[in-house]
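First comes the structure, then the notes that go with it.
In the text below, chain A, chain B and the rest are named by the order of the sequence lines, each starting its count at 1. On a predicted model such as this, the values are computed, not experimentally measured, just so you know.
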There are 2 protein chains.
Amino acid sequence: MTIPPLSPRETARRRLLEALRREGPMARVEIGQHLGMSPASVSDLTASLLDEGILATEEAGDQAAGLIRGRPKTRLFFAGTLGSVIGVWTGFNRIELRLVDSAGRNRASLHVERRLRNLGAEELMDVLAETIAAFAQENGASDVKAIGLACQGYVDTRDGIVAWSPVLGARDLPLASGLGQRLGKPVLMENDASAMAFAITQRNADLRSGRTACLMIGDGVGLGFLIQGELYRGARFGGSEFGHVRLRRSGPQCRCGGRGCIEAYLADYALHRDAQLIDHRPAPTLLLPGEEAMGAIVEQARAGDAALLNLFHAAGEVLGDAVGILIQTLEPDHIVICGPGTRAMDLLRPSFEAALESQTIPELRALATIHVVESSMDLLTEGVVMQSLRELDLDLARLKAA
Amino acid sequence: MTIPPLSPRETARRRLLEALRREGPMARVEIGQHLGMSPASVSDLTASLLDEGILATEEAGDQAAGLIRGRPKTRLFFAGTLGSVIGVWTGFNRIELRLVDSAGRNRASLHVERRLRNLGAEELMDVLAETIAAFAQENGASDVKAIGLACQGYVDTRDGIVAWSPVLGARDLPLASGLGQRLGKPVLMENDASAMAFAITQRNADLRSGRTACLMIGDGVGLGFLIQGELYRGARFGGSEFGHVRLRRSGPQCRCGGRGCIEAYLADYALHRDAQLIDHRPAPTLLLPGEEAMGAIVEQARAGDAALLNLFHAAGEVLGDAVGILIQTLEPDHIVICGPGTRAMDLLRPSFEAALESQTIPELRALATIHVVESSMDLLTEGVVMQSLRELDLDLARLKAA
DNA sequence: TCCACTTTATTCGGCTCATGAATAAAACAA
DNA sequence: TTGTTTTATTCATGAGCCGAATAAAGTGGA
């Protein structure tokens with residue numbers, strides 16, 4: 001996105017819109033205080049944003065009046081009438097969709113069970129395009145302006161190319177342009193852990209200052225790393241594939257083809273697979289188990305199943321090692337452990353803490369605060385939608401015409 | 001340093017001075033092309049810098065004239081008369097010093113053998129202050145304006161505090177203020193790997209774009225990470241302690257107190273110690289061996305000593321794992337392996353490459369270019385001096401008066 | 001020697017952007 | 001009504017940067 005550096009004006013507009021989407025309706029004075037801008041500047045900026053129909057003003061009397069002296073605030077908010085955006089997450093065998101209006105308000109969401117792995121590139125794009133189009137139609141969304149797509153793997157966010165993915169089994173797949181052609185809309189792409197990290201940091205102002213490393217445990221394990229609230233971008237504008245760091249030289253099989261990756265211990269598919277192996281069940285697959293299946297495993301372990309407890313013990317140890325590497329490599333101010341995998345945090349914690357302590361220098365460990373944020377895949381589609389809306393903000397008025 | 005955000009003007013001044021120090025004397029047009037500034041802006045900026053005595057102009061006729069048409073360029077350069085700066089590196093049992101003028105020209109350097117470990121805080125600061133003062137006096141440097149100090153460990157670069165160091169055995173040591181009081185000059189601090197990374201990226205423009213991870217192998221192992229040519233700062237404004245990431249659960253002893261750290265395989269002290277153990281020599285110490293001792297070990301291995309070759313094989317494997325972690329976590333555009341330890345790169349390479357390949361995803365590995373830069377500790381003191389001068393640029397005129 | 005040509009450097013007017021101060025607006029309170 | 005309080009807008013100002021015009025300082029050729 002945004003290849004040419006933004007002008008000061010555009011930067012200011014973005015900051016303003018970002019704050020407004022995050023914090024909800026605000027009066028101009030409040031915006032000024034929030035962003036450290038002078039009232040004059042806010043007035044100027046909002047005037048053009050109102051002009052373009054991106055923002056709208058509250059009707060007089062909407063607020064609890066009568067008690068405060070002085071001229072009442074007129075709060076500004078996103079118009080929400082500039083069309084809608086669809087956020088999509090693609091997993092190994094599941095697609096999650098979410099429809100929001102341009103103000104970021106949720107209008108609909110949907111889970112679809114569909115195995116995506118092993119589809120050819122064209123077939124994959126056809127399936128996704130159909131699923132998205134059907135979802136839009138079912139919900140009467142004729143004003144979709146853009147699609148935001150999050151998936152596992154290394155995503156070139158500038159050109160919308162999946163450079164590599166353990167899930168789609170694709171290499172250098174130009175998913176954004178392929179889907180864009182089929183749907184006739186712009187498609188923005190993001191790594192899934194980055195999308196969730198974005199959503200989480202948007203909700204917590206503390207996490208937007210300094211450096212925040214969000215380790216998402218779910219279908220796979222991913223890392224979203226933010227510096228001063230901005231997503232870190234590696235070479236080719238992708239994020240991190242921290243989940244595929246090999247921690248144990250001959251550990252369990254990972255979906256990336258390697259062995260002993262962090263993900264191969266912690267991800268839902270890994271825990272589910274290993275739990276089935278314990279029970280001598282037949283077909284250990286790499287399919288993503290549902291929340292019920294995972295819940296059952298956790299419950300069984302909590303009930304005292306020794307073999308399962310061992311699994312979680314090993315996983316917790318890997319989590320501790322992983323967080324240790326993050327601490328000593330990046331010295332983040334905040335570490336967030338998030339995603340559906342946090343459902344078993346109680347089981348992971350003892351070995352997690354022991355491993356973390358055994359391998360980090362106390363003085364350095366003390367510099368990072370560790371947060372556990374229980375979050376589901378819903379937060380992920382929220383993240384990708386928020387991120388897409390943010391990228392689109394500057395184009396909203398232009399897209400409105402189209 | 002520089003807690004309040006710099007004004008646009010100050011940023012431009014810094015960029016200009018930085019370029020000039022890096023590239024050497026340049027004419028105004030050249031500066032403009034180099035930095036993408038209009039001639040008008042360059043003229044304006046240089047006028048005030050000349051005024052303040054920070055820059056000087058070449059005398060007419062200094063260049064090989066006569067061949068070029070048009071008005072001759074008048075090149076600008078650092079005055080070099082605003083005082084000098086001393087750069088210091090502290091190792092386990094060695095101190096390296098370097099004296100430069102404000103133009104960055106080397107005036108003197110010195111190695112001192114002195115064991116710093118196990119000194120009390122006050123004693124350590126006394127020793128350092130005396131060493132620095134004596135060095136300044138011997139070289140008739142009565143115009144020292146600041147000291148730049150690089151050391152291993154986690155350095156709070158804003159407040160000049162050594163939060164933790166395997167070498168100084170100190171915790172939260174306010175070294176900058178302690179030395180500053182003793183010497184009556186400002187002291188700037190930096191992690192040593194960061195200082196070398198800075199020096200290396202200053203010499204190679206390619207490495208200043210995108211993300212560059214410089215792994216320094218020497219006395220210890222450190223990482224300097226730069227984003228768009230700027231040193232990455234973690235919590236508390238320090239760098240990275242990547243050398244103390246534990247790669248092997250029960251590996252050799254490390255100076256940090258842990259086991260199996262990257263450093264415990266690759267650092268000079270580690271190779272030297274393990275080589276001595278092989279020869280059944282008596283006292284395996286953690287002292288930093290000299291270049292001669294290390295050279296002898298490398299020669300012996302090159303001559304075919306199987307036990308030593310095994311050492312280097314294991315070290316190379318660790319290096320491969322380490323670089324693999326960097327690639328999959330940060331996706332840097334460039335990875336630089338540097339420091340005195342590169343002397344044995346030929347011995348490390350086979351197992352390094354095998355380990356790297358076995359644990360990284362080919363598509364991601366392909367995104368990073370790996371550079372090997374043979375560099376000695378001299379480059380390190382150069383780095384810390386350059387970095388200090390850069391930080392001081394804005395204050396040079398002010399310090400001149402003092 | 002003088003004039004055209006070339007390249008470098010400076011000056012000047014104008015543009016964008018942000019801001020403080022003054023002013024207007026919209027309420028409440030007396 | 002009239003003052004008070006708070007919010008929003010307008011306006012003049014200044015910082016910073018730039019393009020264009022101009023000045024400066026040389027070379028080359030008639």
For A/P8, which contact category applies under a 4.0 Å heavy-atom criterion: base, sugar-phosphate, or nothing?
-> sugar-phosphate
Taking the nucleotide of DNA chain C with the closest heavy atom to each, which residue, B/S43 or A/R71, is nearer the 5' end?
-> B/S43
Distance test, side-chain N/O of A/S7 to OP1/OP2 of C/dT16, below 4.0 Å | no
Determine, step by step, whether B/E23 and B/R75 satisfy the salt bridge (Lys or Arg N to Asp or Glu O under 4.0 Å) criterion, reporting the C-alpha distance in whole Å, the side-chain angles of both residues, the deciding distance to 0.1 Å, and the verdict.
-> CA-CA 12 Å; B/E23 312 289 337; B/R75 294 191 294 175; over 6 Å; no
Which one, D/dT4, C/dT19, D/dT9, comes nearest to the side chain of A/R69?
-> D/dT4
Selection from C/dA18, C/dA21, C/dA9 that lies nearest to any side-chain heavy atom of B/A27 | C/dA9
Establish, with yes or no, whether the OP1 or OP2 oxygen of C/dT10 is under 4.0 angstrom from a side-chain nitrogen or oxygen of B/R28.
-> yes
Take A/E230 and A/R211, measure what salt bridge (Lys or Arg N to Asp or Glu O under 4.0 Å) needs, and give me the verdict at the end.
-> CA-CA 9 Å; A/E230 286 297 315; A/R211 291 131 294 260; over 6 Å; no
Check every atom of D/dA8, C/dT8, C/dC17 against the side chain of B/V29 and return the nucleotide holding the closest atom.
-> C/dT8
Rounded to whole Å, the CG-C1' distance (A/D44 to D/dC11) equals 12 Å
Assess the side chains of B/E391 and B/S388: does a donor N or O sit below 3.5 Å from an acceptor N or O?
-> no
Would you give the length of the straight line joining atom CZ of A/R28 to atom CE of A/M37, rounded to the nearest 0.5 angstrom?
-> 14.0 Å
Whole-Å distance between C/dT16 C1' and B/R9 CZ?
-> 17 Å
For the helix from C/dT1-D/dA30 to C/dA30-D/dT1, measure the angle between the helix axis at one end and the axis at the other, each built from five pairs, rounding to 10°.
-> 30°
Take the protein atom CE of B/M26 and the nucleotide atom C1' of C/dT8, then report the distance between them rounded to whole Å.
-> 16 Å
Euclidean distance, atom NZ of residue A/K73 to atom C1' of C/dA26 [Å, nearest integer] | 14 Å
B/D101 and B/S84: side chain donor to acceptor below 3.5 Å | no
B/E10 CD to D/dG16 P, straight-line distance once rounded to whole Å | 9 Å
Going by an N to O cut-off under 4.0 Å, is there a salt bridge joining B/R14 and B/D393?
-> no
Phosphate contact (D/dC18 OP1 or OP2) by B/S38 side-chain N/O below 4.0 Å | yes
For the pair made of CD1 in B/I31 and C1' in D/dC18, what is the distance, rounded to whole Å?
-> 17 Å
Should B/E331 and A/R236 be marked as a salt bridge (Lys or Arg N to Asp or Glu O under 4.0 Å) after you check the CA-CA gap, both sets of side-chain angles, and the distance that decides it?
-> CA-CA 9 Å; B/E331 287 298 342; A/R236 241 183 122 179; over 6 Å; no
Counting side-chain heavy atoms from C-beta on, which of C/dA26, D/dC17, C/dT11 comes nearest to A/P72?
-> C/dA26
Whole-Å distance separating the CG atom of A/L35 from the P atom of C/dA18 = 12 Å
Here the distance between atom P of D/dA25 and atom CZ of B/R75, to the nearest Å, is 19 Å
